[in-house]
K.L.:
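Structure below; questions to follow.
On a predicted model such as this, the values are computed, not experimentally measured, just so you know.
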Amino acid sequence: MPGICWGFQLLILFVHHCYGFYLPGSYMHTYSTKDAIYAKVNSLTSIETELPFSYYSLPYCKPMGGIKKSAENLGELLMGDQIDNSPYRFRMNVNESLYLCTTSPLNEREVKLLKQRTRDLYQVNMILDNLPVLRITKQNGVNIQWTGFPIGYTPPNSNDDYIINHLKFKVLVHEYEGSGVQIIGTGEEGMGVISEADKTKASGFEIVGFEVIPCSVKYDPEFMTKLHMYDNISSVNCPLELDKSQIIREQERISFTYEVEFVKSDIRWPSRWDAYLKMEGSRVHWFSILNSLMVITFLAGIVFVILLRTVRRDLTRYEELDKEAQAQMNEELSGWKLVVGDVFREPNHSKLLCVMIGDGVQIMGMALVTIVFAALGFMSPASRGMLLTGMIILYLFLGIAAGYVAVCLWRTLKGTAEGWRSLSWSVACFFPGIVFVILTALNFILWGSKSTGAIPISLYFILLSLWFCISVPLTLLGGYFGTRAEPIQYPVRTNQIPREIPARKYPSWLLVLGAGTLPFGTLFIELFFILSSIWLGRFYYVFGFLLIVLLLLIIVCAEVSVVLTYMHLCVEDWRWWWNAFFASGSVSLYVFLYSINYLVFDLQSLSGPVSAVLYLGYSMIMAVAIMLATGTIGFVTSFYFVHYLFSSVKID
């Protein structure tokens, strides 16, 4: 298997490359007084356009040594993050006001770009010791916390725009006494022991908070150009008058300055993310979630009890009759017992069904393992992009499960393993192919907008290499194991001539669509917070609740699919295979419709058709993934239910 060997080498190189960025922030870093610390800048973002742009696409001051990109992991690149160094220098426990630079006279293009970014509400995202900068504002007497600060602002009833060119930073520090223990790892938690000789080295100050007050200040460019970078200046109060603020217009020279104040804090390093997770607007409504979980659990319990009693009663009545009474009952009654010779007849498009079930197993396995790890604290907000990176790596390696399940089902339906290679290739290409087509279309839009959200060509090759060298060989290997596995034996024989299905008062697809509402009921509250975290830049951290919701979703999908399958069999409709899949898979339709509802009513600020197309494209990928995962749960449960049901009946 040379392909797998190449895949593992590529993955090792990729993982080794990923750790570069996390050195300053993923373990506890202590600083001595006057140690120099440089802030980093991420992509400029806006909740109005959802198109990220590079920080240095605007005329900001550049570092003395030039712009250097920080090492980024796969998840960060896919999310459009572009982390660069910046000229903002801090010296531990030294309060100072410093000058950075003065721009050349603004030309027409720069003015147009600054005005456009200001009016689209773009934010500067700055990072210090892996902590995003926080801005605290007051609205109606309530303190509201936001990450980042605006590029500029437009006063009400005015056509003029003003740039933010002076930043008042407050850095919260906690004095750390070396105790011989240092926290390490890929997240915010972990542990490791250092020697006594290194104890004094570990002593110092930890950065536990990073806040900013943005200001617009008009300086005299003639005086400011005489200064050099990091020259001291007098402290500045944020002006309230517009004539003392820095306007954006042609031939203006903008001077950038900042001041920093270090404040001692009782916040300890492991708790420094609490301020971000308790931000106003991202607080989870615990009562609502608990209430929904209780209601859904109650409904699922009722459905299960009704189903159990109905099936048991039918089986008991059927088995207590003698042969003559059974024959008479078969003539007089209709029901699931009459389709015994057709219930395991091969469905239409059986290869497509096997492919979708295989991909569904892969996606559900990825989601379950990722959420379990996140709930256990292995993927903290400090590790930007690690959640998405972990999901991709899990998906690649779970190809072996997808191939195995798909080929096992294929052998059960066909009675032979012939064609398993073609099936395994289809499994490996189906969902990644859909994602690839949608992402490529969206990428052309992002390239046209010159956004950092566009996936670079090099990343395309990395993703294709990981898929071809890891996922494809493992899917084929899983398919090979599937050919060696014992096929599932049907408990009854299938008749040569299909039984005629009686006419129905209502179409079956109507019932299938209605069945998706119950699984959606378990999901929609969490869906709101997940969409908010993706599109409004809020932190999502309640993975424990998400794990409970996922487990409840699995139970409800299984029960809904079984109930619908039983209802179809009771009206002598033996074509249950696809109905079982879409009974639970139809929840994806409601998820997509809810995403459109969220776009219309909650993302009202989203501007332009480009942003809407991007949103709908990513929502489509999410809906397809949910359909495959939930449909697989429903189908597998219904299959074993039908198998158990007909293996419990005495057949001559």
Side-chain angles (χ1 to χ4, degrees), residues 43-53 78-81 116-117 119-123 125 144 146-148 150 279-285 288-289 292 363 367 387-388 391 431 434-449 451-455 513 516-517 519-540 542 546 549 553 585-630:
S43 300
L44 306 173
T45 56
S46 167
I47 61 171
E48 285 215 347
T49 65
E50 300 298 344
L51 295 170
F53 290 98
L78 287 173
M79 291 190 299
D81 288 351
Q116 183 182 346
R117 297 284 183 267
R119 297 191 178 191
D120 284 340
L121 304 182
Y122 270 87
Q123 303 270 323
N125 299 295
I144 297 179
W146 305 89
T147 53
M279 286 166 50
E280 190 69 28
S282 66
R283 185 177 298 154
V284 178
H285 304 293
S288 298
I289 292 178
S292 292
I363 293 166
L387 189 67
L388 188 55
M391 289 173 68
F431 181 67
I434 293 172
V435 174
F436 181 80
V437 168
I438 295 175
L439 282 183
T440 303
L442 297 180
N443 225 41
F444 278 115
I445 296 172
L446 291 167
W447 275 331
S449 304
S451 168
T452 61
I455 301 174
L513 282 180
T517 55
F520 180 70
T522 66
L523 195 62
F524 82 96
I525 289 181
E526 275 315 295
L527 193 61
F528 170 80
F529 293 109
I530 292 170
L531 290 175
S532 296
S533 72
I534 294 172
W535 299 106
L536 296 180
R538 297 169 178 170
F539 288 102
Y540 186 87
V542 285
L546 185 60
V549 168
L553 179 68
S586 62
V587 67
S588 62
L589 175 64
Y590 296 99
V591 168
F592 188 69
L593 291 175
Y594 183 82
S595 299
I596 295 173
N597 173 80
Y598 187 85
L599 171 66
V600 173
F601 295 103
D602 292 281
L603 288 180
Q604 294 174 344
S605 60
L606 204 65
S607 61
V610 171
S611 303
V613 168
L614 286 173
Y615 175 87
L616 292 174
Y618 292 127
S619 297
M620 181 67 74
I621 293 174
M622 181 176 67
V624 171
I626 289 173
M627 179 193 72
L628 293 173
T630 54

K.L.:
Can you tell me how far the OG1 atom of T630 sits from the CD1 atom of I363, to the nearest 0.5 Å?
P.N.:
9.5 Å
K.L.:
Counting only heavy atoms from other residues, nucleotides and ligands, does the tally under 6.0 Å from CE of M622 exceed 12?
P.N.:
yes
K.L.:
Any heavy-atom pair between the side chains of Y594 and L531 that's under 4.5 Å?
P.N.:
yes
K.L.:
Do you see a donor-acceptor pair shorter than 3.5 Å between the side chains of N125 and T45?
P.N.:
yes
K.L.:
Between L513 and Y590, which heavy-atom pair has the shortest distance, and what is it?
P.N.:
O-OH, 2.5 Å
K.L.:
Kindly indicate whether the side chain of T517, heavy atoms from C-beta on, has any atom under 4.5 Å from the side chain of V587.
P.N.:
no
K.L.:
Sequence neighbours excluded, which residues qualify as side-chain contact (heavy atoms from CB on, under 4.5 Å) partners of T440?
P.N.:
F436, F444, Y460
K.L.:
Under the rule for side-chain contact (heavy atoms from CB on, under 4.5 Å), what residues qualify as partners of L523, not counting sequence neighbours?
P.N.:
V549, L553, V591
K.L.:
Stepwise, does the side-chain contact (heavy atoms from CB on, under 4.5 Å) test hold for L51 with D120?
P.N.:
CA-CA 10 Å; L51 295 170; D120 284 340; over 6 Å; no
K.L.:
Do you know which of L439, I621, V624 makes side chain to side chain contact (heavy atoms under 4.5 Å, CB included) with I434?
P.N.:
V624
K.L.:
What's the shortest heavy-atom distance between Q123 and P150, and which atoms?
P.N.:
OE1-N, 3.7 Å
K.L.:
Any chance you could measure L616, atom CG, to L442, atom CG, to the nearest 0.5 Å?
P.N.:
9.5 Å
K.L.:
Provide the closest heavy-atom pair for Y615 versus S595 in the form atom of the first, atom of the second, distance.
P.N.:
OH-O, 2.5 Å
K.L.:
Are any of the side-chain heavy atoms of L589 and F520 separated by less than 4.5 Å?
P.N.:
no
K.L.:
Say whether, by atom type as modelled, one donor and one acceptor occur between the side chain of Y598 and the main chain of L593 under 3.5 angstrom.
P.N.:
no
K.L.:
Using side-chain heavy atoms (C-beta onward) and a distance below 4.5 Å, is I530 in contact with L546?
P.N.:
yes
K.L.:
With side-chain contact (heavy atoms from CB on, under 4.5 Å) as the test, would you mind laying out the steps for F592 and S619 before giving the verdict?
P.N.:
CA-CA 6 Å; F592 188 69; S619 297; 4.1 Å; yes
